[in-house]
Amino acid sequence: MEKELVSATGEMNIMDASGHQQLKWSMSKAAEIAAAQATFDCLMKQGYAAFGSTKKMQAKHEINTFDPTMEELVMVPRIVGG
């Protein structure tokens, strides 16, 4: 039986006025994790909603705290209606 491949990279897709930006980090590099954490915290303070999954192909669920072991995060800005 083959072992499941484990990703060593996390990815944050940030939706914004330009379309989207992408931030990747190595799960083994503390500096990259810290930069991703800082970006996550800053966006949450701006009112973004965060959705993530531990495996890239899984359905995303809403999260409130950064988890560097998640393979994929999607950051969505607050929608303002009028």
Side-chain angles (χ1 to χ4, degrees):
M1 190 167 10
E2 285 187 36
K3 280 187 169 183
E4 185 179 343
L5 291 176
V6 177
S7 174
T9 304
E11 179 179 300
M12 184 184 306
N13 292 294
I14 305 164
M15 305 300 131
D16 61 17
S18 71
H20 87 280
Q21 298 178 42
Q22 193 172 69
L23 172 68
K24 292 186 178 188
W25 66 92
S26 172
M27 294 180 191
S28 63
K29 295 186 178 178
E32 291 181 13
I33 291 170
Q37 170 85 58
T39 299
F40 179 91
D41 291 344
C42 180
L43 292 170
M44 292 298 282
K45 286 178 185 174
Q46 293 176 33
Y48 274 67
F51 302 90
S53 62
T54 54
K55 300 288 179 200
K56 199 169 192 173
M57 299 306 291
Q58 289 177 332
K60 310 299 178 260
H61 60 277
E62 189 169 8
I63 60 172
N64 295 310
T65 57
F66 180 75
D67 178 352
T69 64
M70 288 191 154
E71 287 186 2
E72 188 170 38
L73 299 171
V74 179
M75 305 298 293
V76 182
R78 183 178 336 181
I79 306 288
V80 178

Worksheet item: Any link between F51 and M70 through a network of hydrophobic side chains (Ile, Leu, Val, Met, Phe, Trp, Tyr) touching at under 4.5 Å?
Response: no
Discussion item. If hydrophobic clusters are built from ILVMFWY residues whose side chains come within less than 4.5 Å, do Y48 and V74 share one?
Written reply: no
Worksheet entry | Joint hydrophobic cluster, M12 plus V76, side-chain heavy atoms closer than 4.5 Å | no
Fill in: Which atom of I33 lies closest to which atom of P68, heavy atoms considered
CG2-CB, 3.7 Å
Practice prompt. Report the distance from atom CD of E72 to atom CE of M57, rounding to the nearest 0.5 Å.
Written response: 9.0 Å
Fill in: Donor-acceptor contact present, side-chain H61 to main-chain G52, <3.5 Å
yes
Worksheet item: If you look only at pairs with a residue in residues 17-31, which of them pass as a salt bridge (Lys or Arg N to Asp or Glu O under 4.0 Å), with sequence neighbours excluded?
Response: E11-K24
Item to complete: Indicate yes or no: at least one non-hydrogen side-chain atom of T39 is less than 4.5 angstrom from one of F66.
Response: no
Worksheet item: How close do M15 and P77 get, heavy atom to heavy atom, and via which atoms?
Response: O-CD, 3.4 Å
Worksheet, complete the sentence: To the nearest 0.5 Å, atom NZ of K56 lies from atom CG of L73 at 11.0 Å
Worksheet entry | Stepwise ring pair (Phe, Tyr, Trp, His ring centres under 6.0 Å) check, F40 with W25 | CA-CA 12 Å; F40 179 91; W25 66 92; 9.5 Å; no
Item to complete: Output every pair passing salt bridge (Lys or Arg N to Asp or Glu O under 4.0 Å) with a member in residues 38-49, not counting sequence neighbours, ordered by first then second residue.
Response: none
Worksheet entry | Identified side chain to side chain contact (heavy atoms under 4.5 Å, CB included) partner of M75 from the options Q46, M44, H20, Q21 | M44
Worksheet item: What heavy-atom pair brings A59 and S53 nearest, and what distance separates the two atoms?
Response: O-CB, 3.7 Å
Item to complete: Starting at OG1 of T9, measure out to CD of E71 and round the result to the nearest 0.5 Å.
Response: 8.5 Å
